[in-house]
Every structure is written in C-alpha cells, then in structure tokens.
Asker: 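Here it is: the structure, laid out below.
FYI, the numbering just counts along the sequence from 1. In what follows, every heavy atom counts, from backbone to side chain, and hydrogens, waters and symmetry copies are set aside. Keep in mind the model is a prediction, meaning the values are calculated, not measured.
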Amino acid sequence: MGNIDTITAITDNLQNVLKALGINFSREVYEDVDKVPASLLPHGQIFYVREEFEYAHGQKPEYATASFLIRVIIAGQDAQNLIRVQQKWVHLIREGLTVNTLNVGGLVTSKLINLVTTESVDVANQPVKCTLNYRVNVRYREV
C-alpha cells in the first residue's frame with residue numbers, strides 16, 4: 001500500500017467511524033447551517049487540512065501526520081439542550097476516533113496508524129443549531 005493509498009484509507013475510515021456513530025454525510029457542502037435539511041442532522045463534513053512529513057534518514061521508520069477538520073452540524077430543542085447535544089457529540093467523536101477504529105479495511109493488516117489525537121474542538125453557535133469544528137491529527141507510518 002503506497003502513501004496515497006494510506007491517506008485515502010484513513011479518510012474513508014474516518015467517515016465510516018463517524019457514520020457508525022450516527023453522523024450523516026451527503027455530497028453537498030452546506031455553508032449555511034440553516035440550509036441543511038433536518039433529515040440530514042447531525043450532518044458531517046470532512047476536510048483534509050494538511051500533512052507533516054518526518055524524515056529519519058534511514059535511522060528509524062518515517063512517519064507523517066495528517067490533520068483533518070471534521071465539521072458536524074447539529075440541532076437542539078433549545079439553548080440548554082443544544083449545549084448537552086454539543087457535549088455528547090464531542091465526546092462520542094473523541095471516543096470513536098481511535099487507533100483501533102481507524103486501522104480497519106485496507107489498513108487492518110499493516111496497522112500503519114499509530115496515534116490519533118484531538119487538536120481542538122470549537123463550536124459556532126446559532127439559536128438551535130450549531131457547527132462543531134473538530135480538529136484531529138492522525139499519525140501513520142510511511143511505506
């Protein structure tokens with residue numbers, strides 16, 4: 001498996017984990033949270049942000065760290081409920097994105113992923129909808 005195949009598999013596995021948690025995906029990117037149909041909530045989007053490459057000059061395996069922005073649009077019945085829903089999704093995502101859940105599919109035999117870290121989470125609030133911006137880093141061994 002080449003490095004392009006690895007990063008593609010990581011991206012697919014991220015989406016599959018989030019789908020298993022109950023997050024919906026569509027091909028359309030919604031800039032305005034009010035335009036997301038209620039039937040799609042919670043609605044997820046995954047953005048590839050950057051990659052950092054480590055070079056060890058043959059002394060040890062080389063690693064890369066891929067950074068992703070996971071955007072999830074959610075809704076609540078009122079402001080207090082929305083806070084609880086935000087907290088629920090942040091922790092579901094954090095618990096769901098692990099080395100073991102991402103080392104599946106094409107990565108199951110190679111176990112290339114060795115670290116998954118949450119960089120930060122911030123929330124853009126509106127009255128009964130909000131956008132979670134969840135930044136995650138995935139470290140993998142290059143082949």
Asker: Restricting to non-hydrogen atoms, name the atom on Leu102 and the atom on Asn13 that form the minimum distance, rounded to 0.1 Å.
Answerer: O-ND2, 2.7 Å
Asker: If you compare all heavy atoms of Cys130 against all heavy atoms of Asn125, which two are closest, and at what distance to 0.1 Å?
Answerer: CB-OD1, 3.6 Å
Asker: What's the separation between atom CD1 in Ile23 and atom CD1 in Ile93, rounded to the nearest 0.5 Å?
Answerer: 4.0 Å
Asker: Can you check whether Leu82 reaches Gln126 side chain to side chain, under 4.5 Å on heavy atoms?
Answerer: no
Asker: Test Thr6 against Leu107 for side chain to side chain contact (heavy atoms under 4.5 Å, CB included), laying out the working first.
Answerer: CA-CA 7 Å; Thr6 301; Leu107 300 175; 4.1 Å; yes
Asker: Which word best sums up how the rings of Phe25 and His43 line up, parallel for under 30°, tilted for 30 to 60°, or perpendicular for over 60°?
Answerer: tilted
Asker: Out of curiosity, does Leu132 fall in the hydrophobic cluster containing Leu40 (side-chain heavy atoms, cut-off under 4.5 Å, transitive links)?
Answerer: no
Asker: Rounded to the nearest 0.5 Å, what separation is found between the CD1 atom of Ile10 and the CG atom of Asp5?
Answerer: 11.0 Å
Asker: Look up atom CG in Asn24 and atom CD1 in Ile73, then write down how far apart they are to the nearest 0.5 Å.
Answerer: 11.5 Å
Asker: Could you pull out the closest heavy-atom pair between Pro61 and Glu54, with the gap in Å?
Answerer: O-OE2, 4.2 Å
Asker: Take Thr11 and Phe68 through the test side chain to side chain contact (heavy atoms under 4.5 Å, CB included) and record every step on the way to the result.
Answerer: CA-CA 9 Å; Thr11 307; Phe68 296 90; 3.4 Å; yes
Asker: Taking the side chain as everything from C-beta on, heavy atoms only, tell me whether Val116 gets closer than 4.5 Å to Thr98.
Answerer: no
Asker: Considering all heavy atoms of both residues, which atom of Thr101 and which atom of Gly96 are nearest to each other, and what is their separation?
Answerer: OG1-O, 2.7 Å
Asker: Quick one: do Ile46 and Ile7 end up in the same hydrophobic cluster if we chain Ile, Leu, Val, Met, Phe, Trp and Tyr together by side-chain heavy atoms under 4.5 Å apart?
Answerer: yes
Asker: Among Val136, Leu92, Leu21, whose side-chain contact (heavy atoms from CB on, under 4.5 Å) with Leu97 holds?
Answerer: Val136
Asker: Same hydrophobic cluster for Val138 and Tyr48, using side-chain heavy-atom links shorter than 4.5 Å among ILVMFWY?
Answerer: yes
Asker: Taking Asn137 for its side chain and Thr117 for its backbone only, find out whether a donor-acceptor pair lies under 3.5 Å.
Answerer: no
Asker: What are the two closest non-hydrogen atoms of Pro42 and Gly22, and how far apart are they?
Answerer: CG-O, 3.6 Å
Asker: Treating Ile, Leu, Val, Met, Phe, Trp and Tyr as nodes and any side-chain heavy-atom pair under 4.5 angstrom as an edge, say whether Val121 and Ile74 lie in one connected cluster.
Answerer: yes
Asker: Just how far is it from atom CG of Asn103 to atom NZ of Lys111, taken to the nearest 0.5 Å?
Answerer: 5.5 Å
Asker: Can you sort out the partners of Glu62 under salt bridge (Lys or Arg N to Asp or Glu O under 4.0 Å), two or more places apart, ordered by chain and number?
Answerer: none
Asker: If we ignore hydrogens and angles and just use 3.5 Å, is the side chain of Ser67 paired with the main-chain N or O of Val49 as donor and acceptor?
Answerer: no
Asker: Using the side chain to side chain contact (heavy atoms under 4.5 Å, CB included) rule, take Arg141 and Asn114 through it: C-alpha gap first, then chi angles, then the decisive distance, then the call.
Answerer: CA-CA 7 Å; Arg141 188 177 68 251; Asn114 68 349; 5.9 Å; no
Asker: Give every residue pair that meets the side-chain hydrogen bond (donor to acceptor under 3.5 Å, both in side chains) criterion with at least one member in residues 70-82, sequence neighbours excluded.
Answerer: Arg71-Asn133, Gln77-Asn81
Asker: The criterion is ring pair (Phe, Tyr, Trp, His ring centres under 6.0 Å); which residues satisfy it with Phe47, sequence neighbours excluded?
Answerer: none
Asker: With rounding to the nearest 0.5 Å, note down the distance linking CD1 in Ile70 to CG in Leu18.
Answerer: 5.0 Å
Asker: At what distance, to the nearest 0.5 angstrom, does OH of Tyr140 lie from CD of Glu51?
Answerer: 3.5 Å
Asker: Quick check on the hydrophobic clustering: are Tyr63 and Leu112 connected, directly or via other members, by side-chain heavy-atom contacts under 4.5 Å?
Answerer: no
